[in-house]
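These notes are about the structure you will find just below.
For clarity, every value in this text was computed on a predicted model and none was experimentally measured.
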Amino acid sequence: MRYEKDFLHLQLSEPTVLTLGKFDGLHRGHELLMESIFEKAREGLKAAVFTFDIPPAQAAGTEVKVITTNEEKKRLFAQRGVDYLIECPFTKEMMQMEAESFIKEIVTRLCVKWIVVGTDFHFGHNRRGDYHILQQYAGDYGYRVRVVQKMQYQGRDISSTYIREALQKGSLEFANELLGYPYFIRGRIIHGNQVGRTIGFPTINIQPPQQKLLPPFGVYVSKIHLDGKQYGGITNIGKKPTIHGDYPPGAETYIYDFDGDVYEKTAKVELLHFERPEMKFDGIEALKQQLEKDIAYGRKYLS
């Protein structure tokens with residue numbers, strides 16, 4: 001997959017089928033869009049995705065938590081087989097671009113022959129553009145439009161908002177059902193405080209970016225992808241209240257049947273099932289006893 005960030009200096013020569021959106025989570029609600037662009041790709045076009053580097057609301061000063069970071073999203077698109085991912089900076093210039101100017105820019109720069117969007121897609125200054133506007137200018141700029149209906153689950157459109165609500169409420173399995181895959185945290189393994197190793201339970205630590213939406217603090221049964229292999233484990237999401245110090249929220253994972261040196265490597269931790277909330281224990285011995293129970297619970301769940 002070719003990944004591009006400098007949209008205003010980009011010029012593709014291969015004809016493309018393009019879909020546009022925030023794509024936070026790249027969830028089941030996006031499946032029909034992806035199926036449509038790959039259908040056109042099989043007819044000889046290159047599959048292209050256009051998205052912004054930050055949620056537009058963030059540019060207005062609103063803090064936005066994301067299901068997938070830009071790096072996580074990039075890897076999901078690459079796994080799906082997208083040919084081009086354009087992650088455009090959401091600058092003041094882009095924010096103020098009128099709908100027709102935006103259409104002209106994307107069609108000419110990205111050599112667009114087909115545009116595939118959902119019914120709720122909006123673009124351009126003050127979000128005045130929609131799929132009707134795309135259809136209106138299709139003849140002028142030489143592209144065609146396919147509008148895809150939203151996929152629903154339990155009577156509601158599948159959306160990033162729906163998934164964020166489920167995650168924040170602690171409904172992990174429901175969120176995973178909407179995503180179409182387990183919610184995950186991907187990042188570089190950093191050095192922790194080594195407490196786990198001293199009590200016989202070595203762990204790996206991942207510090208997700210601040211904008212990453214985390215589920216409620218607690219212990220989760222998990223699967224870990226590391227060095228091309230998959231392992232079972234348990235993951236604590238939280239701030240380590242038993243250990244002295246002020247820690248930022250992170251993911252600390254005990255991996256079953258593994259004790260390798262993996263610092264600075266990258267791991268993907270998938271959360272499968274919530275076991276219990278994060279707790280502060282009276283001391284390390286109490287923490288150790290609970291960890292033994294957590295580990296046994298996770299093994300039984302995974303078996």
Side-chain angles (χ1 to χ4, degrees), residues 2-27 29-30 32-34 36-37 40 45-68 70 73-74 77 82-151 157-162 164 211:
R2 182 173 161 186
Y3 171 64
E4 296 285 352
K5 294 195 72 169
D6 192 6
F7 170 67
L8 293 178
H9 294 94
L10 182 62
Q11 184 61 63
L12 301 185
S13 58
E14 299 175 293
T16 64
V17 49
L18 179 72
T19 187
L20 310 92
K22 295 190 287 288
F23 297 106
D24 186 19
L26 195 54
H27 49 69
H30 297 127
L32 297 180
L33 289 174
M34 302 307 293
S36 290
I37 67 168
K40 291 300 173 186
L45 301 178
K46 294 295 183 179
V49 174
F50 182 99
T51 188
F52 287 115
D53 64 341
I54 60 171
Q58 188 173 317
T62 302
E63 183 184 17
V64 179
K65 295 288 188 179
V66 296
I67 302 163
T68 45
N70 288 354
K73 192 160 52 176
K74 182 168 72 171
F77 277 121
V82 167
D83 296 300
Y84 294 98
L85 173 60
I86 296 91
E87 187 185 282
C88 179
F90 193 64
T91 61
K92 186 176 181 180
E93 181 181 3
M94 292 300 301
M95 197 172 5
Q96 294 179 345
M97 192 177 290
E98 295 296 340
E100 184 183 354
S101 297
F102 182 73
I103 292 170
K104 182 180 179 181
E105 289 287 345
I106 62 168
V107 171
T108 56
R109 293 188 181 281
L110 305 181
C111 199
V112 176
K113 302 304 177 187
W114 274 90
I115 296 178
V116 180
V117 294
T119 52
D120 62 343
F121 176 67
H122 288 83
F123 64 97
H125 189 218
N126 290 332
R127 293 168 48 87
R128 285 196 281 258
D130 59 11
Y131 73 88
H132 297 292
I133 300 294
L134 286 172
Q135 291 170 330
Q136 178 182 328
Y137 287 106
D140 296 341
Y141 293 103
Y143 62 87
R144 300 174 71 180
V145 180
R146 175 177 289 181
V147 182
V148 175
Q149 297 295 317
K150 301 288 287 185
M151 185 183 292
D157 290 348
I158 299 177
S159 66
S160 301
T161 299
Y162 198 3
R164 278 193 290 269
Q211 69 268 27

>> Please report the interatomic distance OG1(Thr119) to NE2(His122), rounded to the nearest 0.5 Å.
In response: 9.5 Å
> If you measure from CZ on Phe7 to CD on Glu105, what distance do you get to the nearest 0.5 Å?
Replying inline: 5.5 Å
> Where do Tyr143 and Tyr137 land on the ring-ring contact (aromatic ring centres under 6.0 Å, His included) test, with the steps shown first?
Replying inline: CA-CA 9 Å; Tyr143 62 87; Tyr137 287 106; 8.7 Å; no
Heavy-atom donor-acceptor pair, [X] side chain to [Y] backbone, under 3.5 Å:
X: Thr19; Y: Val49; result: no
X: Ser101; Y: Met97; result: no
X: Asp83; Y: Arg2; result: no
X: Gln211; Y: Thr68; result: no
X: Asp53; Y: Lys5; result: no
X: Asp130; Y: Ile133; result: yes

Heavy-atom distance under 4.5 Å between the side chains of [X] and [Y], does that happen here?
X: Gln135; Y: Val147; answer: yes
X: Met94; Y: Cys88; answer: yes
X: Met34; Y: Leu26; answer: yes

>> Could you check whether Asp24 pairs with Arg164 (Lys NZ or Arg NE/NH1/NH2 to Asp/Glu carboxylate O, under 4.0 Å)?
In response: yes
> Does Asp120 come within less than 4.0 Å of Lys150, counting only side-chain N to carboxylate O?
Replying inline: yes
> Is the count of non-hydrogen atoms from other residues, nucleotides or ligands lying under 6.0 Å from Lys46 atom NZ greater than 12?
Replying inline: no
>> Does atom CZ (Arg144) have a neighbourhood of more than 12 heavy atoms from anything else shown, all under 6.0 Å?
In response: no
> With a cut-off of under 6.0 Å to the ring centre and 45° to the axis, is Lys74 in cation-pi contact with Tyr3?
Replying inline: yes
Over all heavy atoms of both residues, which pair between [X] and [Y] is shortest? Give the atoms and the distance, please.
X: Gly129; Y: Ala99; answer: CA-CB, 4.0 Å
X: Ser36; Y: Val116; answer: CB-CG1, 3.7 Å
X: Gly21; Y: Phe121; answer: N-CE1, 4.3 Å
X: Ile37; Y: Ala47; answer: CD1-CB, 4.1 Å
X: Val117; Y: Ile115; answer: CG1-CG2, 3.9 Å
X: Pro15; Y: Lys113; answer: CB-CG, 3.8 Å

>> Leu20 vs Thr51, test: side-chain contact (heavy atoms from CB on, under 4.5 Å). Steps then yes/no.
In response: CA-CA 6 Å; Leu20 310 92; Thr51 188; over 6 Å; no
>> Aromatic contact between Phe102 and Phe50, with the criterion being ring centroids under 6.0 Å apart: yes or no?
In response: yes
>> Leu85 vs Glu4, test: side-chain contact (heavy atoms from CB on, under 4.5 Å). Steps then yes/no.
In response: CA-CA 6 Å; Leu85 173 60; Glu4 296 285 352; over 6 Å; no
> Are Trp114 and Val145 close enough, and set up right, to give a side-chain contact (heavy atoms from CB on, under 4.5 Å), and what steps lead you there?
Replying inline: CA-CA 6 Å; Trp114 274 90; Val145 180; 6.0 Å; no
> Is the closest side-chain donor-acceptor distance between Glu98 and His125 under 3.5 Å?
Replying inline: yes
> Just checking, is any N or O donor in the side chain of Gln136 or Tyr131 under 3.5 Å from an acceptor N or O on the other one?
Replying inline: no
>> The test is side-chain contact (heavy atoms from CB on, under 4.5 Å); show your working for Leu45 and Thr16 and say whether it passes.
In response: CA-CA 5 Å; Leu45 301 178; Thr16 64; 5.7 Å; no
> Could you walk me through whether Phe52 and Phe123 pass the ring-ring contact (aromatic ring centres under 6.0 Å, His included) check?
Replying inline: CA-CA 11 Å; Phe52 287 115; Phe123 64 97; over 10 Å; no
> With under 30° as parallel and over 60° as perpendicular, where do the rings of His30 and Phe23 fit, or are they tilted in between?
Replying inline: tilted
